[in-house]
Amino acid sequence: MTDERIFKFFLVVATYSIFIYLNCVMFVAVRSKSAFRETSRYILFAHMLFNDILHLITSMALYISSMLYLEIIQAFCSLLALISTSTFTNEPLNLAVMSLERYIAVCFPLRHGELSTPERTFLALVVIWVLGTANMLTDILTVVFVEPSFFLHSGLCIREQLMKKSWQRDKVVVFNALYFSVVAGVLLFTYVSITLEARSVSTDRSSAQKAMRTVLLHAIQLCLSLLTFLFNVFEVLLASLPVNIYIQLRFVNYVVVLLLPRCLSPLIYGLRDQSFHPVFMYYFTCGTRSVKPAGPTSSLVVE
């Protein structure tokens with residue numbers, strides 16, 4: 001453990017900790033008001049925050065265990081891998097549902113209250129978690145049938161250890177390609193539909209333009225998630241460089257490609273929301289900053 005290695009270790013852990021704290025503050029803020037808790041858009045945003053909190057915590061735990069070469073029981077390692085992989089997959093699926101909610105709000109405004117109810121939103125979240133856990137859960141169940149004693153052993157926590165069959169690697173590629181292709185298709189469909197609707201004379205153009213920007217932001221968030229798949233590609237490209245340069249750029253690759261995109265995504269979304277931003281600042285400053293109404297009849301004012 002050289003000084004440089006210790007510095008990098010604490011830099012990464014500090015970054016994880018800061019953004020876990022920020023996500024927790026945003027989660028508390030979005031759950032603090034009944035107007036948020038009863039609106040599909042903010043229910044989905046709260047789920048995105050909760051999902052990212054779980055992902056950051058498990059990712060930090062896996063990073064610490066790998067950096068310190070900690071050997072842990074594989075049953076616990078499998079649980080960490082299940083949560084980390086599922087929450088990674090959940091985010092783009094959540095973005096797709098959020099885009100569909102905006103599509104309904106703009107293209108079917110009279111039926112928005114009927115279609116985007118809290119009950120339907122929670123049902124959509126259940127579907128997201130079922131789809132999100134399917135990939136990793138298949139690997140765990142495969143190991144249960146092939147080598148059940150594996151979970152009682154101790155060792156480094158590496159997901160590849162669960163790959164007991166050659167078809168499992170192909171399955172991972174197919175699952176990820178399918179998930180992200182579907183999400184990209186949903187985002188493209190909703191953006192084009194909202195754009196066409198915005199040109200309609202009878203449409204509230206201001207609302208439609210805001211929805212277009214929201215869907216576009218979701219597309220940017222999806223691109224940030226896709227950066228993760230480039231990590232191994234960059235690793236291979238960097239391997240041909242001298243060792244000293246490779247070590248430095250490998251750390252930069254980890255921070256820029258894996259760490260920052262997942263940290264920044266919910267923060268960017270939350271801070272641009274005019275209704276949520278003042279409430280977040282109220283809780284972020286521990287109540288020292290008053291919250292101004294979002295509109296003439298806003299119910300989001302903190303007393």
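In this chain, numbering begins with 1 at the start of the sequence shown.
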Got a sec, which residues hit disulfide (SG to SG under 2.5 Å) with Cys157, two or more places apart in sequence or on another chain? Cys77
Enter the distance from Tyr63:OH to Thr15:OG1 here, rounded to the nearest 0.5 Å. 9.5 Å
Would the distance check show the side chain of Asn94 and the main-chain N or O of Leu44 forming a donor-acceptor pair, the cut-off being under 3.5 Å? yes
Expected output: side-chain Ser86 to main-chain Ile83 donor-acceptor under 3.5 Å: no
Heavy-atom count around Phe150 CZ within 6.0 Å, excluding the residue itself: above 12? yes
Does any part of the side chain of Phe19, heavy atoms only, come nearer than 4.5 Å to the side chain of Leu56, both counted from C-beta? yes
Please walk me through it: do Phe284 and Leu22 pass side-chain contact (heavy atoms from CB on, under 4.5 Å)? CA-CA 8 Å; Phe284 181 69; Leu22 290 174; 3.5 Å; yes
Do Ser40 and Thr121 pass the side chain to side chain donor-acceptor pair (under 3.5 Å) test, and can you show the C-alpha distance, the side-chain angles, and the key distance before you say yes or no? CA-CA 6 Å; Ser40 295; Thr121 304; 2.8 Å; yes
State the OG1-CD distance between Thr142 and Glu147, to the nearest 0.5 angstrom. 12.5 Å
Aromatic ring centroids of Phe189 and Tyr103 under 6.0 Å? yes
Expected output: side-chain Thr117 to main-chain Gly113 donor-acceptor under 3.5 Å: no
Does atom CZ of Phe50 have more than 12 heavy-atom neighbours from other groups under 6.0 Å away? no
Any side-chain heavy-atom pair from Ile43 and Arg37 closer than 4.5 angstrom? no
Checking Thr58 side chain against His55 main chain: does a donor-acceptor pair fall under 3.5 Å? yes
Check against side-chain contact (heavy atoms from CB on, under 4.5 Å), Leu93 and Val183: CA-CA 6 Å; Leu93 296 175; Val183 172; 4.1 Å; yes
For a quick test of reading the model, state the closest non-hydrogen atom pair linking Ser17 to Met60 and the distance between them. OG-SD, 4.0 Å
Do Val279 and Phe36 make a side-chain contact, defined as non-hydrogen atoms from C-beta onward lying under 4.5 Å apart? yes
Should Ser66 and Leu156 count as side-chain neighbours, where that means a heavy-atom distance under 4.5 Å? no
Test item: Val28 and Cys24 side chains (from C-beta on) under 4.5 Å apart, heavy atoms: no
Take the angle between the ring planes of Tyr254 and Tyr16 and call it parallel below 30°, perpendicular above 60°, tilted in between. perpendicular
Any side-chain heavy-atom pair from Arg102 and Arg41 closer than 4.5 angstrom? yes
Pair Asn90-Asn51, side chain to side chain donor-acceptor pair (under 3.5 Å): steps then yes or no: CA-CA 7 Å; Asn90 285 349; Asn51 182 80; 3.1 Å; yes
What is the distance from atom CG of Leu100 to atom CE of Met98, rounded to the nearest 0.5 Å? 11.5 Å
To the nearest 0.5 Å, tell me how far Phe175 CZ sits from Asp170 CG. 12.5 Å
Taking Arg5 for its side chain and Met67 for its backbone only, find out whether a donor-acceptor pair lies under 3.5 Å. yes
Got a second to check how far Ile64's CD1 is from Ser59's OG, nearest 0.5 Å? 11.0 Å
If I compare all heavy atoms of Phe145 with all of Leu141, which pair ends up nearest, and what's the gap? CD1-O, 2.9 Å
Tell me whether Ile18 shares a hydrophobic cluster with Phe27, the cluster being built from Ile, Leu, Val, Met, Phe, Trp, Tyr side chains joined at under 4.5 Å. yes
Name the atoms and distances for all side-chain donor-acceptor pairs under 3.5 Å in residues 125-137, with sequence neighbours left out.
from, atom 1, to, atom 2, distance (Å)
Trp129, NE1, His47, NE2, 2.8
Thr133, OG1, Trp129, O, 2.8
Thr133, OG1, Val130, O, 3.3
Asn135, OD1, Lys171, NZ, 2.5

Exam field: side chain Thr39 to backbone Tyr42, donor-acceptor pair closer than 3.5 Å: no
Minimum side-chain heavy-atom gap Leu62-Ser84 below 4.5 Å: yes
When the aromatic ring centroids of Phe45 and Phe276 are compared, is their separation below 6.0 Å? yes
With hydrophobic residues grouped by side-chain heavy-atom distances under 4.5 Å, do Ile158 and Leu70 end up in a single group? no
Ser149 and His153: side-chain contact (heavy atoms from CB on, under 4.5 Å), yes or no, with the steps? CA-CA 7 Å; Ser149 61; His153 299 158; 4.3 Å; yes
Minimum side-chain heavy-atom gap His112-Glu101 below 4.5 Å: yes
Rounded at 0.5 Å granularity, tell me how far CD in Glu91 sits from OG1 in Thr89. 10.5 Å
